[in-house]
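What follows is a set of notes on a single structure, which appears directly below.
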Amino acid sequence: MPELPEVETVRRQLAAAVVGDTIVGVTVPYPKVLQTQTSAAFAKAMVGADMVAARRRAKVLLLDFSNGMTLLVHLKMTGRFLLTDRHPEQRKETEVVFLLASGRVLTFDDVRHFGWIKMRRTHEVARYLEEEGYGPEPLDPLFSADVFRSRLALHSGKRIKQALLDQTCIAGVGNIYADESLWESGIAPIRRVHRLRTADVVALHGAIRLILSRAVADGGSSANDYLDIFGRKGNFFPKLQAYGKDGTSCAKGDGGILRKRVLGGRGTHWCPVHQK
DNA sequence: ACCTAATCCTGCATGC
DNA sequence: TGCATGCAGGATTAGG
């Protein structure tokens, strides 16, 4: 399920491979994915537009076009862009097809139809994001432990796992990297935020940045469905130490057996020995 | 203020 | 083999 590292990987690939190309045709086999336009209006606006930038905020891709519009794309769990040299075989999960001037085809697929695409004027995107209230970008150099502490203070009564999943607290962290960061920093997911000591916050801050940057460097994790725009899996999955590791012994070497329980509706994995 | 359940949706794993 | 069940989950929302 795409989180910051997976979305960032897709962003980089689109920036390198698609920016500069021009959309020459659009079809929308699954119009419900478009949250702000009809298929006809969408196609009319996009045909002839050049992709001029691929940005990201939280888990949202921001694709800027020369027509002054930006596509905001959320992959949710199974959304994916796929870039191919020639027109792909028809797939029932394909939601949007972009024909490019280069002759290549970019599709947006989503088996579970959770993802969405919105269109906004590029100059209004900053305001849109402001209204969504996303928290700081964890890999931003300005995201210090102090900033993290002040964000957490807005969620003081929650369990730390749920604060990490709240995009208004910190942006881009999802279920996998929340569990990994808590495992790395030795904090139990059920801990209340206001019970965290400064040293805990500093450790967690460092763990989030370390793990997310490593995962970005590895092209993300393919735990279930994630594929990049070339249909390849990410390389970080084998490096996960907590997610999906329930029943196995803790890699910290403390003799703990990782457990799993549902917390806030999300499968949560942790080591009962070193995570306190 | 916080919690859980339901919702959206399909594929896959499990169990009988 | 085939059928039913449940589980996975990002984010939002309704209800407790």
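Below, read A as the first sequence line, B as the second, and so on, with proteins coming before strands; counting in each chain starts at 1.
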Interatomic distance where [atom1] belongs to [X] and [atom2] belongs to [N] [whole Å]:
X        : N      : atom1 : atom2 : result
A:Gln35  : C:dT12 : CD    : P     : 11 Å
A:Leu165 : C:dG9  : CG    : P     : 10 Å
A:His74  : C:dG9  : NE2   : P     : 15 Å
A:Asp110 : C:dG9  : CG    : C1'   : 12 Å
A:Asp166 : B:dC3  : CG    : P     : 11 Å
A:Phe237 : C:dA8  : CZ    : C1'   : 13 Å
A:Lys76  : B:dC8  : NZ    : P     : 13 Å
A:Lys92  : B:dC9  : NZ    : P     : 14 Å

Indicate, with a heavy-atom threshold strictly under 4.0 Å, whether [X] touches base, sugar-phosphate, or nothing.
X        : value
A:Gly267 : sugar-phosphate
A:Gln167 : sugar-phosphate
A:Lys161 : nothing
A:Gly157 : sugar-phosphate

(request) Kindly indicate whether the side chain of A:Arg112 and the base of B:dG11 share any N or O donor-acceptor pair separated by less than 3.5 Å? (result)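 It does not, because no donor-acceptor pair links the side chain of A:Arg112 to the base of B:dG11 below 3.5 Å.
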(request) Could you check which of C:dG10, B:dC9, B:dC3 has an atom nearest any side-chain atom of A:Lys32? (result)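 Among the listed nucleotides, the one closest to the side chain of A:Lys32 is B:dC9.
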(message) As a test of reading the structure: which of C:dA11, B:dT10, B:dC2 is closest to the side chain of A:His113, going by heavy atoms?
(response)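 Out of C:dA11, B:dT10, B:dC2, the nucleotide with an atom closest to A:His113's side chain is B:dT10.
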(request) Only pairs at least two apart or in different chains count here, so list each ring-ring contact (aromatic ring centres under 6.0 Å, His included) that has a residue in residues 214-258 of chain A. (result)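 For residues 214-258 of chain A: A:Tyr243-A:His269.
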(request) Could you give me the stems involving DNA chain C, meaning stretches of three or more consecutive Watson-Crick or G-U wobble pairs whose two defining distances are both below 3.5 Å? (result)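 The stems that DNA chain C takes part in, listed by first number, are B:2-16 with C:2-16.
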(request) Take A:Phe114 and A:His74 through the ring-ring contact (aromatic ring centres under 6.0 Å, His included) test and state the conclusion after the steps. (result) CA-CA 9 Å; A:Phe114 279 24; A:His74 201 308; over 10 Å; no
(message) Salt bridge check, A:Arg57 against A:Glu137: does any charged N sit closer than 4.0 Å to a carboxylate O?
(response)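 Looking at A:Glu137 and A:Arg57, the cut-off is met.
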(message) What I want to find out is whether A:Arg80 reaches A:Asp110 closely enough, with some N-O distance under 4.0 Å, to be called a salt bridge.
(response)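 So A:Arg80 does not pair with A:Asp110 through a salt bridge.
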(message) Quick check on DNA chain B: between A:Arg266 and A:Leu263, whose nearest nucleotide comes earlier from the 5' end?
(response)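 Mapping each residue to its closest nucleotide by heavy atoms, the 5'-most match is A:Leu263.
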(request) Please name the pair of heavy atoms, one in A:Pro138 and one in A:Ile208, separated by the smallest distance, quoted to 0.1 Å. (result)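 Taking A:Pro138 first and A:Ile208 second, the nearest heavy atoms are CB-CG2, 3.9 Å.
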(message) With a 4.0 Å limit, can you tell me whether A:Tyr243 has a side-chain N or O closer than that to the phosphate oxygens OP1/OP2 of C:dG9?
(response)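 Answer is yes, contact under 4.0 Å.
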(request) If you link ILVMFWY side chains whenever their heavy atoms are less than 4.5 Å apart, which other residues fall into the same cluster as A:Val273? By chain and number, please. (result)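 Direct or chained contacts put A:Val273 with none.
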(message) Does the structure place the NZ or CZ of A:Lys161 under 6.0 Å from the centre of the six-membered ring of A:Trp270, at an angle of no more than 45° from the ring's axis?
(response)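 Judged by the rule, A:Lys161 and A:Trp270 form no cation-pi pair.
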